[in-house]
Number of protein chains: 2
Amino acid sequence: MKSIDHLDITFQALADPTRRAILARLAQGEASVNELCEPFAMSQPAISRHLKVLEQAGLISRGRDAQRRLSRIEGGPMAEANAWLEGFRRFWEPSFQRLDGLLEEMKADEAKRGKEK
Amino acid sequence: MKSIDHLDITFQALADPTRRAILARLAQGEASVNELCEPFAMSQPAISRHLKVLEQAGLISRGRDAQRRLSRIEGGPMAEANAWLEGFRRFWEPSFQRLDGLLEEMKADEAKRGKEK
DNA sequence: TATTTATATAACCTATTCATTATATGTAAA
DNA sequence: TTTACATATAATGAATAGGTTATATAAATA
């Protein structure tokens with residue numbers, strides 16, 4: 001069976017600059033499809049499809065206000081993605097790197113004592 | 001001109017489960033291509049191409065050890081991705097949400113005082 | 001009810017992604 | 001210098017992504 005990892009869909013959705021820009025816009029409050037179209041030199045159907053991708057990834061949810069459909073950000077998937085990245089923090093945080101260095105030294109000492117025995 | 005946002009490439013690279021698994025493996029130390037192949041029911045060329053994608057995204061760097069080519073994680077791009085996601089922390093952190101609520105209240109009060117004037 | 005406005009869907013095209021198998025290259029060792 | 005091993009590249013194919021235009025639907029308004 002094919003494991004369906006939600007991170008696939010989340011990262012895939014985040015990999016498009018238009019979709020990230022849409023999320024950035026929605027961070028300032030909900031917006032209609034037309035409002036979300038304005039900043040882009042792109043057709044309305046294209047934006048609608050981006051919104052569908054974001055919705056299917058769970059990154060946004062949508063409601064209705066008369067004719068308009070308002071989108072808003074949902075935090076869950078980003079939290080997941082963030083949590084996954086956090087697992088690698090040692091690779092960019094100097095403090096974690098110092099800790100890693102320390103553990104390396106301790107292992108080396110351990111090995112040396114082993115040989116001397 | 002087409003803005004080349006590195007986040008595109010980073011998130012795109014992270015969107016594949018095989019590549020994420022490779023990174024997870026490399027988090028425990030460098031490894032050769034063959035070692036990275038083992039866990040997967042997939043041809044060696046397929047893994048080599050995944051490694052190329054990761055390298056082009058800057059997520060790994062590679063060196064040589066005799067016939068073998070060792071890969072190791074580079075933290076930069078993940079730090080970037082992480083930083084971008086952090087911008088949305090308000091959408092999943094309860095504490096940020098409380099702060100947002102507070103700011104909303106203050107705005108509402110402000111508006112009311114405006115009317116009363 | 002007819003028209004306008006907001007959004008969604010269909011049909012289509014092109015480029016890219018992810019896998020495959022077959023083959024080439026680089027390095028070490030016999 | 002042949003052989004073996006580790007890895008890279010080429011050629012191919014199916015599936016998906018991201019855009020287009022044309023058209024359909026849903027809700028508000030005249």
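Numbered from 1 within each chain, the chains take letters A, B, ... in sequence-line order. Hydrogens, waters and symmetry mates play no part in the numbers below; they use all other heavy atoms, side chains included.
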Rounded to the nearest Å, what distance is computed from the CG atom of residue A:D16 to the P atom of nucleotide D:dA17? 11 Å
Rounded to the nearest 0.5 Å, how far does CD1 of A:I60 lie from NE2 of A:H50? 11.5 Å
Consider the side chain of A:A66, meaning its heavy atoms from C-beta on, and name the nucleotide among C:dT7, C:dA28, D:dA28 that approaches it most closely. D:dA28
Whichever of A:T18 and B:L51 has the more 5' nearest nucleotide on DNA chain D, that residue is B:L51
A:D8 CG to C:dT17 P, in whole Å, measures 16 Å
Closest approach to the side chain of A:R49, judged atom by atom: which nucleotide of D:dA8, D:dG19, C:dA10 is it? D:dG19
Using a distance-only criterion (donor-acceptor N/O pair, under 3.5 Å, no hydrogens), is the base of D:dA6 paired with the side chain of B:Q44? no
Taking atom P of D:dT7 as reference, at what distance in whole Å does atom CD of B:E38 sit? 11 Å
Provide, to the nearest angstrom, the distance between the CZ atom belonging to A:F40 and the P atom belonging to D:dG19. 10 Å
Within the structure, does a side-chain N or O atom of B:K52 lie under 4.0 Å from either OP1 or OP2 of D:dT9? yes
Under 4.0 Å between a side-chain N/O of B:H50 and OP1 or OP2 of C:dA19, yes or no? yes
Does A:R69 have a side-chain nitrogen or oxygen under 4.0 Å from the phosphate oxygens OP1 or OP2 of C:dA8? yes
Could you check B:P39, B:C37, B:S32 and say which one makes a side-chain contact (heavy atoms from CB on, under 4.5 Å) with B:E35? B:S32
Using the closest heavy atom to pick a nucleotide of DNA chain D for each, name whichever of A:R64 or A:S43 lands nearer the 5' end. A:S43
Length of the CG-P vector between A:L70 and C:dT5, whole Å: 19 Å
Just how far, in rounded Å, is C1' of C:dC18 from CD of B:Q12? 11 Å
What is the distance from CD of A:Q67 to C1' of C:dA8, rounded to the nearest Å? 15 Å
Specify the separation, in whole Å, of atom CG of A:L14 and atom P of D:dA17. 14 Å
B:N34 side chain near D:dT7 phosphate (N/O to OP1/OP2, under 4.0 Å): yes
Between the side chain of A:R25 and the main-chain N/O of A:G29, is any donor-acceptor distance below 3.5 Å? yes
Within the pair A:S48 and C:dA8, is there a side-chain N or O less than 4.0 Å away from OP1 or OP2? yes
Donor-acceptor pair, distance only, cut-off 3.5 Å: does the side chain of B:R62 make one with the backbone of B:R69? no
Does the A:H6 side chain pair with the main chain of A:A81, one donor and one acceptor, at a distance under 3.5 Å? no
